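Because the structure is predicted, anything quoted here is derived from the model rather than measured. Start at 1 and go down the list; that is how both ligands and their atoms are numbered.
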Amino acid sequence: MQRRPPRTGDAVLDENLRVTPLPTVEDVRAAAERLRGHAHRTPVLTSRRVDRELGTSVFFKCENFQRMGAFKFRGAFNALSRFGDDARRAGVVAYSSGNHAQAIALSAGILGIPATIVMPHDAPASKVAATLGYGAEVVRYDRFTEDRAAIGAALAAERGLTLVPPFDHPDVIAGQGTAALELFEDVGELDALFVCLGGGGLLAGSALAAGALSPGCRLYGVEPEAGDDGQRSFRTGEIVHIPTPATIADGAQTQALGVLTFPIIRRDVTDVLTASDAELVDAMRVFASTLKIVVEPTGCLSFAAVRRLAPELAGLRVGVIVSGGNVDLDRYAALLAPPSS
Ligand SMILES: *Cc1c(COP(=O)(O)O)cnc(C)c1O
């Protein structure tokens, strides 16, 4: 376990002892302006059948329909839009198990910035192919023995690149918050909002939006049961580090919350919940059969928790951020297939 980062009001000290102010809803609104005309305003789906079965009104914010297939485009594009001329010319480096890589690669392509992406050898083939397809250079590493942050930092130093981390960056958090901002703008205030949780960029950004647009809304982060570092961190007040968890939710295999995301989550979130791989597959099935949408395992975390908690949510208006839809078709079919005997 690590010590909680020292707080100075609404700022934290980063590892280089620089004071970094925590982003606010004003940063989320500014990100929404930068994203206008570049990101999709994704649809909010509802299903009378889901509402009847769960006894609640559920509003699904469908980021599986976002550009490159996940909300990560929002944070990446917002962060790259804020690069100065020198940083743009030198280029960006990012490390990611998938969606952040594609988001940086696509955003960099749109903005004319060279991109280098550090990806694990076992990243889903579709995610690697998409990253290459957007014109980025890909550097591979071993997720279980090598430290991607160290590799990214070394590349940044060698080539003068700017590192954009997948969640622990003010511009990334602000960009991710625009999904919840749109949800509240479209459907009004909610009683509860459920958000998929890895390193906490999406949850922290959603918290900033919720605090301004739906102040009474309860806010839940949902992470894989096998990687409950977020729940333990939230409940103990210290950032807990774990080994890379084994779960089908490959977008949430993070080892710890961030130095910036954690204090926002501690301050604004109601609780952190978990979902098992079996519950993720059940939710994936409902998405396919009832809502007719393809959702990747990580994107099912939020709805899996709503299904488990349904009796406590009776009669409420509940938001669910469906975070992404990038899953290899063969893997998707295998996950949904009934177990063979
Ligand atoms: C990255 C990702 C998450 C987790 O987001 P964090 O900001 O790291 O908490 C959830 N779902 C999908 C589909 C993702 O790509």
- Note on the structure: If we number the atoms of ligand 1 from 1 as shown, the ones under 4.0 Å from a heavy atom of Gly251 are 1 (C), 2 (C), 3 (C), 4 (C)
- Task: Identify the protein heavy atom lying closest to atom 4 (C) of ligand 1, giving its residue, its atom name and the separation to 0.1 Å.
- Result: Gly198 N, 3.5 Å
- For ligand 1, which atoms sit closer than 4.0 Å to a heavy atom of Gly324? 13 (C)
- Task: Could you pull out all residues at least two apart from His38 that satisfy ring pair (Phe, Tyr, Trp, His ring centres under 6.0 Å)?
- Result: Phe77
- Item | contact_flag Glu296 ligand 1 heavy-atom lt 4.0 Å | yes
- Task: State, without any angle test, whether Gln176 and Asn78 hold a side-chain donor-acceptor pair at a distance under 3.5 Å.
- Result: no
- So does Arg74 pair up with Glu182, basic N to acidic O under 4.0 Å? yes
- Proximal atoms of ligand 1 relative to Asn99 (non-hydrogen, under 4.0 Å): 13 (C), 14 (C), 15 (O)
- Heavy-atom distance under 4.5 Å between the side chains of Leu155 and Val118, does that happen here? yes
- Query: Taking the non-hydrogen atoms of Gly200, is any one of them nearer than 4.0 angstrom to ligand 1?
  - Reply: yes
- Looking only at distances, please establish whether an N/O atom of ligand 1 is found under 3.5 Å from an N/O atom of Leu203. no
- If you measure every N/O of Leu202 against every N/O of ligand 1, is any gap under 3.5 Å? yes
- ligand 1 atoms in contact with Gly201 (distance to a heavy atom under 4.0 Å): 6 (P), 7 (O), 9 (O)
- Item | Donor on one side chain, acceptor on other, Thr42 and Glu63, under 3.5 Å | yes
- Do Phe71 and ligand 1 have an N or O pair less than 3.5 Å apart? no
- Task: Report the nearest protein non-hydrogen atom to atom 12 (C) of ligand 1: residue, atom name, distance rounded to 0.1 Å.
- Result: Ser323 OG, 3.3 Å
- Query: Does any donor atom in the side chain of Asp228 or Thr274 lie under 3.5 Å from an acceptor atom in the other side chain?
  - Reply: no
- Asp271/Gln231 under side chain to side chain donor-acceptor pair (under 3.5 Å): CA gap, chis, key distance, verdict: CA-CA 8 Å; Asp271 201 1; Gln231 184 177 68; 5.4 Å; no
- Answer yes or no for Arg67 and Phe73: cation-pi contact, defined as NZ/CZ to six-membered ring centre under 6.0 Å and angle to ring axis within 45°. yes
- Relative to the heavy atoms of Thr298, which atoms of ligand 1 are at a distance of less than 4.0 Å? 10 (C), 11 (N), 12 (C)
- shortest atom 8 (O) of ligand 1-to-protein heavy-atom contact is with Gly199 N, 2.9 Å
- Message: Heavy-atom pairs closer than 4.0 Å: do any link ligand 1 to the side chain of Lys72, the backbone, both, or neither?
- Response: side chain
- Message: Can you see whether Tyr141 engages Arg143 through a side-chain donor-acceptor pair at a distance of less than 3.5 angstrom?
- Response: no
